[in-house]
Amino acid sequence: MSSELRIAVIGAGRMGSDHISRIHDRMKRARLSAVVDVNEEAATQAIEGIEGAKVYTDFIEALDSNTVDAILIATPGFLHETVLIPAIERGLPILCEKPLTTDSESAWRVVEAEVKAGKKLVQVGFNRRFDAGYQDIKAKLDSGEYGELLQLSLEHVNPDVPEWYTGRNLIDDTVVHEFDAVRYFTNEEVTTVQVRAGKKSAHALNPELKDPALVLMETTSGVLVTVNTHVVSNYGYQVTTRAVTEKDHLTAGIDQITEGFEERFRDSYDREVQAWIDAALAGEQVGPSAWDGYAATACCEAGIEAVESIGSTVAVTLKEKPDLYQ
Ligand code: ISE
């Protein structure tokens, strides 16, 4: 591979467009060589003013064009597997937006494809692992200076969500970040998920959306996690962390209230994508792996069952971790 990574962005929607400008404006040692979207007009619009990038409506054509060294997948989650498997088979480094896939069976097929390839190729877009506040808490927890982590108290507030957004989306589009955050902070697996919902906001237009809601989790060693979600808040975008340890409470994000997630997490997205580019050029993989994506998807599966049966506690089931990820 050369000293410059030629990237194809698959999906030119909200997140895809954000990544397209990121790669073009701020990433080093990389350039955008292709954009793929079934909506040709959207793809063309997304690369306006970007020289040398070609629009495709068929991703296989882009993968086989000899102009692509790595791909960034930003299509809706239910389409991820279709792109992931052929890209893994071609040995391409992949940055795949979260969720890895939308059910644990398909996520496991992605893990199996990587195991068959004998190489980790996928980085999952859990950008918060690259956020300064998250990394600060993580370093403090790992230092051992604060004693045991006992509880995590998390908040996830969105200004609003589209009308089609339901309880399922609350879990696999929004709380999926917290499933990964909990695994990241604790180095443990989530064992159970429960959702509680009380008085409902009249602004939550979709009748199937419980808003606000409380998502409760437990980890292997018994760390209890609460996630306060409010997705039609009319307040702003805010993601906070309070890690309750034996010696102190470690916090992050409290004063960071923005209009949307792009502004709040802009730096973490930049660091995430640059880390991916640098690792790809070095023939390596960094950050959350396909196994992490699979584990978070398994949590989402339990979470979706929990949100559809408010109050019940649902166990998370995971297959054995393959050697590739040990
Ligand atoms: C969005 O896709 C994100 O990743 C945001 O961080 C999250 O807050 C939002 O709910 C999702 O829709």
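Excluded from the calculations below are hydrogen atoms, water molecules and symmetry mates; all remaining heavy atoms, backbone and side chain alike, are included. For ligands, and for the atoms within them, numbers begin at 1 and follow the listed sequence.
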**Prompt:** What are the atoms of ligand 1, with element, lying closer than 4.0 Å to any heavy atom of Thr174?
**Reply:** 9 (C), 10 (O)

**Message:** If I apply the N/O under 3.5 Å rule, does Tyr269 come out as touching ligand 1?
**Reply:** no

**Complete:** side chain to side chain contact (heavy atoms under 4.5 Å, CB included) with Val122: of Leu95, Ile88, Asp292, Val111, only one passes, and it is Ile88

**Message:** Taking side chain to side chain contact (heavy atoms under 4.5 Å, CB included) as the criterion, tell me which of Val182, Thr226, Asn228 meets it with Leu154.
**Reply:** Val182

**Request:** For the residue pair Thr166 and Glu208, confirm or rule out a side-chain donor-acceptor distance under 3.5 Å.
**Result:** no

**Asked** Can you name the one residue among Val157, Asn169, Thr174 that meets side chain to side chain contact (heavy atoms under 4.5 Å, CB included) with Val231?
**Response** Thr174

**Item:** atom 4 (O) of ligand 1 - nearest protein heavy atom and its distance
**Value:** His177 NE2, 2.8 Å

**Message:** Looking at ligand 1, would Lys98 count as a contact under a 4.0 Å heavy-atom criterion?
**Reply:** yes

**Message:** Is the contact between Met15 and ligand 1 made by the side chain, the backbone, both, or neither, using heavy atoms and a 4.0 Å cut-off?
**Reply:** neither

**SB check Asp267 Arg271 (cutoff 4.0 Å)** = no

**Asked** What residue and atom, counting heavy atoms only, is the protein's closest point to atom 7 (C) of ligand 1, and at what distance?
**Response** His156 NE2, 3.4 Å

**Request:** Could you point out which residue of Asn127, Asp173, Asp172, Asp180 forms a side-chain hydrogen bond (donor to acceptor under 3.5 Å, both in side chains) with Lys98?
**Result:** Asp173

**Request:** Determine, for Glu262 against Arg14, whether the closest basic-nitrogen to carboxylate-oxygen distance falls under 4.0 angstrom.
**Result:** yes

**Request:** Select one of side chain, backbone, both or neither to describe which atoms of Tyr237 lie under 4.0 Å from any atom of ligand 1, heavy atoms only.
**Result:** side chain

**Message:** Applying a heavy-atom cut-off of 4.0 Å, say which part of Asn158 lies close to ligand 1: side chain, backbone, both or neither.
**Reply:** side chain

**Message:** Regarding atom 11 (C) of ligand 1: of the candidates Asp173, Val239, Asn169, Val231, which has the closest heavy atom?
**Reply:** Asp173

